[in-house]
Each structure stands twice: as C-alpha cells, then as structure tokens.
Asks: 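What follows is a structure written as structure tokens; I'll ask about it next.
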Amino acid sequence: MPELPEVEVIRRGLAKKLIGQTFLHVQRNDKRLRRQSEAAALAALCGKTVTRLSRRGKYLLIQVDDGQTLVVHLGMTGRLFVLPASCPLPSHAHLVLTCQSGQRLVYQDARRFGQLVLYPAGVRPPELAQVGLEPWSRRLTPEWLAQKSAGLTRPVKNFLLDGRFIAGIGNIYASEILFAAGLHPQTPAGRLSRAQWTAVIQAGRRILAKAIRAGGTTIANFADCEGQAGLFAVQLQVYGRAGEPCPVCAAPIQRLVLAGRSTFWCPHCQPAAALAPLRRKSYQTAGG
DNA sequence: CACCCCACCTGCGTGC
DNA sequence: TGCACGCAGGTGGGGT
C-alpha cells in the first residue's frame, strides 16, 4: 500500500470517520515496530478527540485536541482502517484505538517496518525534517531538480526513490513515472535535461493524482471491513510486467535491479540513447 | 560527500 | 505435503 497515493487515500477516508471522534481506549501489543512510542506513552491518547488528519510524504499525522500528534508510517505492509465494533480484529493489529462511537481505529502491520510515534504539543517530529518537496509543491521546478541533482551519477530511478528530494514516490510509481516520461531508469540523475525534468514532474503529478483517484474506490472496502484482499486498482503500465508487451509499443517489458529494488521499463519507449550527455552542459550552467 | 548494501520482519508463490 | 528459496509497496545505519 504505502506510497504517497495510498497514504493520501487513507488520510481522506480516515478524516471522514475520525474527525470529532474521541478515543476511549488505547490498546497496544508488545511487538516492536521500526520506530515507536512506548505503550504507556500512547495511552496519552485516551480521552483525546481527533481534530485533523494530514500527510507529509508517506507519513500520516493524526492530531488530537490537546495538540499531540500521532505520526504514523505504514512501512511496507502497514494498514490503517476503521472497524465497526462487531468486527473481529485481524492478525498483526499492533494498535487499537476505540472511539466513543464503538468503532475501532486499527494499525495492522505484518512485517512491522512501520512507525507509531506520539509527539507532545509543540514538538516538531524530527523525521519530517528529512521529507522533501511534495509533488504538487510550487517549489518543485525543473530548475530545483537540476540543482539538487547536479553532479549526481546515481540512476534517476534511485533519485526519485530518495524522499529527501521529492516526497512520497516509492518503488512502483518510480518505474511508472519514468515510463511515462520516456526516461531510461539508469540515466544518471545529474544528466537529465531541463525538458526531461519537466517531463518527470508532469508525469509524476499526473500518475500520482490518477492513482489517488483510483485508490478512492479501495478505501470503501476498508469501511466494509473486508480490507484484507487485493486492493489497489491502479492501472500499472510497466511495474510487475516483465516479459509482457508494452502497452504503448508492444515491446517486451524489461526488469532490472537498481539499489536492490526491482525496476521495470520498456526498451523502446525508454531507450538508453535518451542519455544525451552533450545536452547537459549548456543546461547545467544555465540551470545552476 | 555520494553511493550501495543490508538489516529490519512476515507471508506468499514457486519449484523441487 | 513439506521445505527451501526468492520476492515484496520503506527506511536508515554503516561500509566502501
């Protein structure tokens, strides 16, 4: 689930159900997460009313009326959903917040790569300081990306996965965005032209927005308490499709591993020839 | 610095 | 049926 679109879909769904709800009971199991507050600290949510749900990159922020903020990260397998009182808890339910309506907010995470940290009022969560620009930020421009990537030789795929630059892009959408932008995933980040960065920004915004819209149909399943099985109805063009024909040109989709992560691309639509290192020079001096 | 590798976990699909 | 293995949507600490 957990790239920006999925977190945003969850945020919107939870906002409808949780804002104004008061937590009457806090239940935390003894399994460690990647980052966590102690169970005793989480108990401070008891009696507090949800005022706001926001998102920063892949982090979900649940704010309550005394100013505390529960910062949630879903890791690889984390899920957040609201269960009717009658529904049994699923396995790997690490945090259960019972509302005055009887509904329960559940954090479930099989692999436990996620985070549940409660910060007091006035404290700025330090992990958010590392989060880069939101994809729709006005500050996200081809010039900004050119500056940040100047001199970097790492593949542009790895650059997109580095949330300190653009926040929220994960392994699936990195491949999808580069396909839409017509860029070979191994292109050195520092060699992209201004036009290529523009294509990355535009493809990124379009694909992420489309995924959010598609994910909207998914959250309803959570509401109906059948959230276990195959969720995201996102139309993936290349991810996970090695050997299948490219939806644009029918060439077989290729798979390669970059920074230890599966990467999918079309050899015809994303030719390595797009490297064009010559074009970079004038652009680098111009773009700063 | 920049970059890569790997650990952190459980579950699922595949092939023997 | 059982088991070993590879793979999985993320992050960040540590090594090169």
Side-chain angles (χ1 to χ4, degrees), chain A residues 1-11 29-36 55-60 71-81 90-95 107-117 125-132 135 147-179 185-191 204 207-208 210-212 214-215 218-219 222 227-243 255-264:
Chain A
M1 314 225 315
E3 298 185 41
L4 184 150
E6 291 71 42
V7 178
E8 177 61 19
V9 165
I10 288 167
R11 185 194 70 77
N29 71 8
D30 58 1
K31 300 284 191 175
R32 288 195 64 82
L33 300 172
R34 190 149 216 284
R35 272 203 293 245
Q36 63 183 347
R55 179 191 59 73
R56 191 66 182 88
K58 298 170 190 168
Y59 289 93
L60 187 73
V71 178
V72 182
H73 196 291
L74 300 175
M76 293 278 266
T77 51
R79 290 176 177 171
L80 263 180
F81 46 91
S91 55
H92 308 295
H94 302 295
L95 179 68
Y107 177 77
Q108 178 200 35
D109 189 351
R111 290 176 73 181
R112 292 190 274 130
F113 290 168
Q115 157 175 350
L116 291 172
V117 177
E127 59 268 42
L128 298 187
Q130 306 299 318
V131 179
Q147 184 197 336
K148 291 297 180 183
S149 64
L152 297 185
T153 59
R154 65 210 277 208
V156 62
K157 159 85 175 340
N158 298 10
F159 182 86
L160 291 184
L161 281 180
D162 190 334
R164 292 171 300 181
F165 301 111
I166 307 174
I169 298 174
N171 199 42
I172 290 177
Y173 295 111
S175 280
E176 295 294 310
I177 289 167
L178 291 173
F179 172 74
Q186 282 179 303
T187 311
R191 288 192 174 178
I207 287 168
L208 295 173
K210 184 179 173 188
I212 290 170
T218 297
I219 203 74
F222 284 111
Q228 288 294 52
L231 307 178
F232 298 93
V234 180
Q235 310 279 322
L236 300 175
Q237 303 289 295
V238 291
Y239 185 85
R241 297 188 179 280
R255 173 183 182 268
L256 65 90
V257 175
L258 291 178
R261 319 291 307 276
S262 283
T263 306
F264 300 88

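We use all heavy atoms of the structure for the numbers below, so side chains are in, but hydrogens, waters and symmetry mates are not.
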Asks: Under 3.5 Å, is there a donor-acceptor pair between the side chain of A/Gln115 and the main chain of A/Val72?
Replies: no

Asks: P atom, C/dG14 versus B/dC9: distance in rounded Å?
Replies: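 Comparing P positions in C/dG14 and B/dC9 gives a spacing of 16 Å.
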
Asks: With a 3.5 Å limit on both atom pairs, tell me what C/dG15 is paired to, counting Watson-Crick and G-U wobble, or say none.
Replies: B/dC3

Asks: Identify which nucleotide among C/dC7, B/dG11, B/dC8 has an atom closest to any side-chain atom of A/Arg34, counting heavy atoms from C-beta outward.
Replies: B/dC8

Asks: Under 4.0 Å, heavy atoms only, any strand: does A/Ala110 hit a base, just the sugar-phosphate, or nothing?
Replies: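 Contact class for A/Ala110: sugar-phosphate only.
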
Asks: How many whole angstroms separate atom CZ of A/Arg32 from atom C1' of B/dT10?
Replies: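 In whole Å, B/dT10 C1' lies 17 Å from A/Arg32 CZ.
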
Asks: Is the shortest heavy-atom distance from the side chain of A/Gln237 to the side chain of A/Phe264 under 4.5 Å?
Replies: no

Asks: Find the distance A/Ile172:CD1 to C/dC7:P and express it as a whole number of Å.
Replies: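 Whole-Å distance recorded here is 17 Å.
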
Asks: Parallel, tilted or perpendicular, judged at 30° and 60°: which one describes the rings of A/Tyr59 and A/His73?
Replies: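 It falls in the perpendicular class, over 60°.
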
Asks: Name the nucleic acid region contacted by A/Asn158, choosing base, sugar-phosphate or nothing; use a 4.0 angstrom heavy-atom cut-off, strictly under.
Replies: sugar-phosphate

Asks: Whole angstrom is fine here: how far is it from CZ in A/Arg164 over to P in B/dC1?
Replies: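 It works out to 11 Å between those atoms.
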
Asks: Please give the distance between the P atoms of C/dC7 and B/dC5 as a whole number of Å.
Replies: 15 Å

Asks: In the structure shown, which nucleotide is the Watson-Crick or G-U wobble counterpart of B/dC12, with both distances under 3.5 Å?
Replies: C/dG6

Asks: Looking at A/Arg111 and B/dC9, is any side-chain donor or acceptor paired with a base atom of the opposite kind under 3.5 Å?
Replies: yes

Asks: At under 4.0 Å between heavy atoms, what does A/Tyr59 touch on the DNA or RNA strands: base, sugar-phosphate, or nothing?
Replies: sugar-phosphate

Asks: Report yes if at least one side-chain N or O of A/Arg261 is closer than 4.0 Å to OP1 or OP2 of C/dG10; otherwise report no.
Replies: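 Answer is yes, contact under 4.0 Å.
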
Asks: Classify A/Gly75 by what it touches in the nucleic acid, base, sugar-phosphate, or nothing, heavy-atom distance under 4.0 Å.
Replies: sugar-phosphate

Asks: Decide, yes or no, whether a salt bridge links A/Lys31 with A/Asp109 under the criterion of side-chain N to carboxylate O below 4.0 Å.
Replies: no

Asks: Of the listed nucleotides (B/dC3, C/dA8, C/dG10), which one gets closest to any side-chain atom of A/Phe113?
Replies: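 That would be C/dG10.
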
Asks: Closest approach to the side chain of A/Pro155, judged atom by atom: which nucleotide of B/dC4, C/dT11, C/dA8 is it?
Replies: B/dC4

Asks: Nearest to the A/His92 side chain among B/dA2, B/dA7, B/dG11, which nucleotide is it?
Replies: B/dG11

Asks: Name the nucleic acid region contacted by A/Leu152, choosing base, sugar-phosphate or nothing; use a 4.0 angstrom heavy-atom cut-off, strictly under.
Replies: sugar-phosphate

Asks: Just to confirm, is there a sub-4.0 Å distance from OP1 or OP2 of C/dT11 to any side-chain nitrogen or oxygen of A/His73?
Replies: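 Yes.
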
Asks: Please tell me if A/Lys58 has a side-chain N or O lying less than 4.0 Å from either OP1 or OP2 of C/dT11.
Replies: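 It does, given that an N or O in the side chain of A/Lys58 lies less than 4.0 Å from OP1 or OP2 of C/dT11.
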
Asks: Which of the following nucleotides, B/dA2, C/dA8, C/dG10, is nearest to the side chain of A/Ser262?
Replies: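 Shortest atom-to-atom distance from the side chain points to C/dA8.
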
